[in-house]
Every structure is written in C-alpha cells, then in structure tokens.
Amino acid sequence: MSFLPDLATLLAFVAAAFVLTITPGPDMTLFLGRTLSEGRAAGFAAMLGAATGILVHTSLAAFGVSALIAASPEAFLALKIVGAGYLVFLAIQAIRGSSTFRLDGTAARRPHSLFSNWLTGIGINLLNPKIILFFVTFLPQFVSARDSDVAGKLFFLGVFFIVLAVPMSAAMILAADRFAAALKRRPKIMRGIDWLFASVFSAFAVKILLTQGR
C-alpha cells in the first residue's frame, strides 16, 4: 500500500501526535468544559465534532486547499477574524449561560443537544487558522515532496492522527466526568470554571488574530 509511511516515519509521527494532543487548545477547552457542565455524553459529542473538523482539514490539506488559504493574505485574514469571533462568542456564552447548578441539582440552563455539541466541535476546528497551518506545515514534514502518492500519505497521516487523538481525548473526558459531580455541588467553583474557560477561549481568540500566514 503506497500510502503507508515507513515504520520510522510512523513512530516519529506517533510521538509528535501525542505531544500535540495533550497540548491545550480551543477544542480541548470545549469538550472538557461541556463534560463538566453537561456530562460526558456532551463532551464526547464535542470531541467527535472536533475530530470531524480534523477530518475535513485532512481532506483539504491532501488536495492542497489549505495551502492555498494559508498563502492568501485576504483569505487567511478573513478566517482569523471569523475564527476569533467564534471563540469570543463561546466565551460570552460560557459566562452568560453559566454552567453553575442550583442546590436542588437542576441545571441553571438548558443543556445543548448532542447534535449542537457536535456542530460546535466541528466549528471550533474548521474556523481555527492555526489548524490549517498545522496541516500545511506539520504533516508535510513526514512526507517526501518527491513521493508518488503525497496526497494519499497526507490523508492517511491525518486520519491516523485522529485515531491516536480520540482515545487520549476520551480519557480526559472520563477523568473530567469523574470529578464533575463533586464540582457541581459547589456552585462557586463551577462559576469559577465558567470564567476560566471563557478566559481561555478569549486568550485563544487573541492568539489566532496574531497568527501569521506563510
């Protein structure tokens, strides 16, 4: 199978993927936040949405579309503005909606549907220009430009990244869910978490706006 990299390349990719997966980002902030506020089903839905967004980016990178966006100052600027705006929207939503719980255990807000969480996960990755740069600059390091099946190997590595990232992300969600019940009995702590996640989303929004194209 010509799209399979050699063993040394795969091992190097696994090591890099592990580091990237455990590095905090907007998608991790989203699915952990939804797990704490709405339960692990919501967290898993957001995580699978983020994985779907990665799959779309993988396809775009394999066919060269991501490289065209990164190379176009106008397209890249538009994506940065929309992406940053989306993160600010999520930050405001976290503060206004609140994930705090009343003393009777009923939610202070109506939970998002699983489909809504999935869509949010997709959006948080599709609108992140840093992920486009990741696929334009990171994946090609593991594929030779002279390879006869560059697109196939890029697509394989992108899908392989998802396969590696999902179990690690799932472990984070299960760990967060384990502590969620205790946290929900402490409304002030949950309110602090709202502000924490809102601050993180805002910080990533600023970071996205400062991202430079190629």
Side-chain angles (χ1 to χ4, degrees), residues 1-31 43-80 82-84 86-87 114-115 117-173 204 207-208 211-214:
M1 292 181 283
S2 60
F3 62 85
L4 288 176
D6 58 72
L7 181 58
T9 299
L10 275 179
L11 292 176
F13 184 80
V14 169
F18 173 78
V19 174
L20 289 168
T21 300
I22 64 174
T23 300
D27 49 355
M28 182 189 294
T29 303
L30 174 69
F31 64 67
F44 278 122
M47 180 197 70
L48 292 177
T52 303
I54 292 293
L55 184 60
V56 173
H57 275 300
T58 296
S59 302
L60 295 178
F63 291 103
V65 178
S66 293
L68 291 177
I69 294 176
S72 170
E74 295 78 12
F76 196 72
L77 176 61
L79 186 65
K80 287 201 300 182
V82 174
Y86 186 59
L87 289 178
L114 295 181
F115 183 68
N117 282 315
W118 179 73
L119 285 179
T120 303
I122 292 178
I124 209 166
N125 269 349
L126 285 186
L127 298 176
N128 188 348
K130 294 180 72 65
I131 294 182
I132 288 182
L133 289 181
F134 162 77
F135 280 98
V136 171
T137 61
F138 177 74
L139 285 185
Q141 296 180 41
F142 298 90
V143 179
S144 172
R146 297 185 298 273
D147 197 298
S148 60
D149 193 14
V150 173
K153 286 187 176 178
L154 285 175
F155 188 80
F156 171 80
L157 288 174
V159 173
F160 191 48
F161 178 81
I162 296 174
V163 171
L164 295 171
V166 165
M168 289 186 280
S169 299
M172 297 180 198
I173 289 173
F204 280 121
K207 195 172 182 179
I208 281 177
T211 301
Q212 299 297 315
R214 298 187 72 182

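Because only heavy atoms are used, hydrogens play no part in the values below, and waters and symmetry mates are left out as well, while side chains stay in. Residue numbers count from 1 along this sequence.
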Checklist line | Nearest-0.5 Å distance that lies between atom CD1 in Ile124 and atom CG in Leu30 | finding: 4.5 Å
Check: Rounded to the nearest 0.5 Å, what separation is found between the CE atom of Met168 and the CD1 atom of Ile173?
Finding: 13.0 Å
So do [Y] and [X] actually touch side chain to side chain, heavy atoms under 4.5 Å?
X: Leu10; Y: Phe156; result: yes
X: Val14; Y: Phe160; result: yes
X: Leu164; Y: Thr21; result: no
X: Phe155; Y: Leu55; result: yes

Testing the basics here: between [X] and [Y], what is the closest heavy-atom pair and its distance to 0.1 Å?
X: Gly43; Y: Phe31; answer: O-CB, 3.4 Å
X: His57; Y: Ile131; answer: CD2-CG2, 3.5 Å
X: Leu154; Y: Ala61; answer: CD1-O, 4.1 Å
X: Ser169; Y: Met47; answer: CB-SD, 3.4 Å

Check: Are Phe161 and Thr58 close enough, and set up right, to give a side chain to side chain contact (heavy atoms under 4.5 Å, CB included), and what steps lead you there?
Finding: CA-CA 10 Å; Phe161 178 81; Thr58 296; over 6 Å; no
Item checked: Partner of Asp27 under side chain to side chain contact (heavy atoms under 4.5 Å, CB included), chosen from Asn128, Ile122, Asn125 ->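 The side chain to side chain contact (heavy atoms under 4.5 Å, CB included) with Asp27 is passed solely by Asn125 among Asn128, Ile122, Asn125.
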